[in-house]
Colleague: 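The structure's right below; bear with me while I get my questions together.
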Amino acid sequence: MKTIVILGSGVAAAAVIRQTMKSTVLPRRDTRMVVVSPSTHFVWPIAMPRAIVPGQFADDKFMFALQPTFAEYPADKFEFVLGTASALDPDAKTIQVALNNDADGSGSSDTPRTVAYDVLVIATGAASRDDMPWKPLATTESTVAKLRSVQAQVRDAETIVVAGGGITGVEAVGELGYEYARTGRKQVYFVHDGALPLSASALPSVRKQTRAEIEKLKVKIIPNTKVTRVTAAGGTADTVLELTAADGRKTMLTTQAYVPALGVRPNTAFVPARLLDDGGYVRQTETLQAEGYDAVFTIGDAGSLEANKASAADAQARHLIAALPLYLDGRPLPAYKPASKDMFGITIGRSRATGQVGSFKIFSILIWYLKGRFLGTDYADHIASGKRTLTTKFE
């Protein structure tokens with residue numbers, strides 16, 4: 001019996017699980033699948049910048065239980081292991097899993113399990129550097145708890161500070177500015193370390209429009225500045241932020257809700273260092289396999305080929321769905337072609353947006369229509385169940 005082990009149950013993994021079960025595992029008498037994930041629910045990350053604003057989304061718009069989908073598969077062909085991969089031995093083709101079998105769902109583990117594989121798919125994604133719920137935390141319970149904490153801080157705050165000038169930071173400050181700053185209900189600050197928001201790979205016109213739209217929301221922008229120290233003030237709910245400008249000048253800013261969006265780190269602590277690049281990402285070949293280990297595939301945010309974007313996870317997942325049957329049959333694998341153009345759409349509040357495809361700026365109303373109205377919550381349940389990706393419907 002050949003065993004396909006998939007680590008993860010998020011955006012990169014969901015469609016691979018379902019479509020591989022339907023097209024490969026169920027039709028073959030000698031193949032089974034094991035899915036390992038620390039979460040009981042799929043979390044839709046694109047909705048999170050709006051979800052932190054109290055009252056915007058009910059949980060069932062962006063969190064979906066895995067069990068109903070997994071219950072469709074026969075027990076002799078499919079197994080779900082609730083736990084976290086703790087060690088990979090690619091020579092022995094085994095994964096050590098720390099099981100989440102505690103009563104409170106906190107993620108503590110007391111009984112490790114060894115899972116053998118013939119094919120391994122690493123789709124463990126990435127985690128936010130500041131343990132924010134932009135990405136799923138260690139368990140579903142911890143993700144929900146953190147989200148509730150952020151929502152409560154935002155609800156009760158007089159001053160909110162968002163730090164980080166990337167897409168997540170822009171979308172978060174856009175949502176908070178739209179809800180609170182533009183009407184004068186709360187002060188909202190936006191701290192980022194560049195002269196303009198977004199990375200240098202974005203078009204200057206897109207970066208300038210992003211700043212202009214945030215300014216229209218009456219957000220106070222502090223550019224060319226980093227948050228270098230975070231201190232909780234004694235006896236109060238306030239947090240004191242030390243801000244350091246590019247010229248070295250330091251100032252203090254007091255807030256009741258600090259919302260950092262300072263990037264991600266790959267969830268690859270279980271992977272041997274020889275398989276990782278300097279950033280901790282699994283080094284992928286042009287066929288999405290780990291260098292030197294053909295039985296190990298990597299897709300999504302844990303891999304080295306492309307930046308951490310849902311569009312890249314989507315494309316790699318679709319490629320792997322077609323490639324896995326070929327690998328099992330011992331046939332040559334097609335090369336995966338990373339995106340040649342930088343493509344993204346950014347919502348800035350609930351009425352404006354911007355973005356680009358290559359060297360072309362996209363009209364605000366188009367991104368608002370396609371993304372900004374619902375942030376994908378109108379179809380996220382189908383992505384969670386693996387019935388579609390961002391771009392492809394399977395059934």
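Worth knowing before you read on, the calculation uses all heavy atoms, side chains too, and leaves out hydrogens, waters and symmetry mates.
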Colleague: Just by distance, with hydrogens left out, do Gln316 and Gln284 show a side-chain donor and acceptor under 3.5 Å apart?
Modeller: yes
Colleague: How would you list, by chain and number, every residue that makes a salt bridge (charged side-chain N to carboxylate O under 4.0 Å, His left out) with Glu306, sequence neighbours excluded?
Modeller: none
Colleague: Using a 3.5 Å cut-off and no angle test, enumerate the donor-acceptor pairs between side-chain atoms of residues 337-345 and protein atoms at least two apart in sequence or in another chain.
Modeller:
from	atom 1	to	atom 2	distance (Å)
Asp342	OD1	Lys309	NZ	2.5
Asp342	OD2	Ser201	OG	3.3

Colleague: Are Val227 and Val162 linked, directly or through intermediate hydrophobic residues, by side-chain heavy-atom contacts shorter than 4.5 Å (ILVMFWY only)?
Modeller: no
Colleague: For atom NZ of Lys226, decide whether the heavy atoms of other residues, nucleotides or ligands shown that lie under 6.0 angstrom number more than 12.
Modeller: no
Colleague: List in chain and number order the residues that pass side chain to side chain contact (heavy atoms under 4.5 Å, CB included) with Gln151, two or more places apart in sequence or in another chain; answer none if no residue qualifies.
Modeller: Pro54, Leu147, Arg148
Colleague: Quick test of your reading: applying ring pair (Phe, Tyr, Trp, His ring centres under 6.0 Å), list the pairs with at least one residue in residues 293-331, sequence neighbours left out, ordered by first then second residue.
Modeller: Phe297-Tyr327, His319-Tyr336
Colleague: How does the hydrophobic cluster around Tyr281 look, that is, which other residues are in it when side-chain heavy atoms under 4.5 Å mark a link?
Modeller: Val264
Colleague: With sequence neighbours left out, what residues match Glu79 under salt bridge (charged side-chain N to carboxylate O under 4.0 Å, His left out)?
Modeller: Arg32, Arg113
Colleague: Can Ile167 be reached from Val43 by stepping across I, L, V, M, F, W or Y side chains whose heavy atoms are under 4.5 Å apart?
Modeller: yes
Colleague: Any pair with a residue in residues 257-267 that passes salt bridge (charged side-chain N to carboxylate O under 4.0 Å, His left out), sequence neighbours left out, goes on the list, sorted by first then second residue, please.
Modeller: Asp131-Arg265
Colleague: So, Ser86 versus Gln96: side-chain donor-acceptor pair below 3.5 Å or not?
Modeller: no
Colleague: What residues form a side chain to side chain contact (heavy atoms under 4.5 Å, CB included) with Thr244, not counting sequence neighbours?
Modeller: Thr228, Glu242, Lys250
Colleague: With no hydrogens and no angle check, just 3.5 Å: does a side-chain donor-acceptor pair link Ser142 and Thr139?
Modeller: yes
Colleague: Got a sec, which pairs hit ring pair (Phe, Tyr, Trp, His ring centres under 6.0 Å) with one end in residues 153-191, sequence neighbours left out?
Modeller: Phe190-His192
Colleague: Partners of Thr24 by side chain to side chain contact (heavy atoms under 4.5 Å, CB included), sequence neighbours excluded?
Modeller: Thr20, Arg28, Pro325, Leu328
Colleague: Could you pull out all residues at least two apart from Arg318 that satisfy salt bridge (charged side-chain N to carboxylate O under 4.0 Å, His left out)?
Modeller: Asp314
Colleague: Apply salt bridge (charged side-chain N to carboxylate O under 4.0 Å, His left out) to Lys361 and list each qualifying residue two or more places apart in sequence or on a separate chain.
Modeller: none
Colleague: Write down the atom of Ser9, the atom of Leu66, and the distance for their closest heavy-atom approach.
Modeller: OG-CD1, 3.6 Å
